[in-house]
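Below is one structure, written out as structure tokens; comments come after it.
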Amino acid sequence: MAKKKKEPAELPKVHKELKGFDVRINSFGEIQMSYDIEKLNDFLNEKIDDKKLKHLKDEKPRE
């Protein structure tokens, strides 16, 4: 029986600012990332609106 060749793992599409971002879970269940968590949080805060906090932005300030 012939062995099947593994196809190389295709890298997921990511934003150009996050090029090289990779997340893996090791055998102990720990999350390992190629990016610093603070750098990732800064990116998300800048690019993504938080749905839970949207109602606070819509309210008019009290005078």
Can you list the steps and then say if Y35 with V23 is a side chain to side chain contact (heavy atoms under 4.5 Å, CB included)?
-> CA-CA 9 Å; Y35 259 51; V23 177; over 6 Å; no
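- Between F43 and H15, the ring center distance clears the sub-6.0 Å criterion.
- Going from atom CD1 of I31 over to atom CG of N26 covers 9.5 Å, rounded to the nearest 0.5 Å.
- Atom CG of N41 is separated from atom CD1 of I48 by 12.0 Å, given to the nearest 0.5 angstrom.
- Atom NZ of K47 has more than 12 neighbouring heavy atoms from other residues, nucleotides or ligands inside a 6.0 Å radius.
- The structure places CG of D49 at 12.0 Å from CG of L44, a figure rounded to the nearest 0.5 Å.
- Residues satisfying the side chain to side chain contact (heavy atoms under 4.5 Å, CB included) test with D22, not counting sequence neighbours, are R24, S34.
- Atoms CG and CD, from N45 and E38 in turn, are 9.5 Å apart once rounded to the nearest 0.5 Å.
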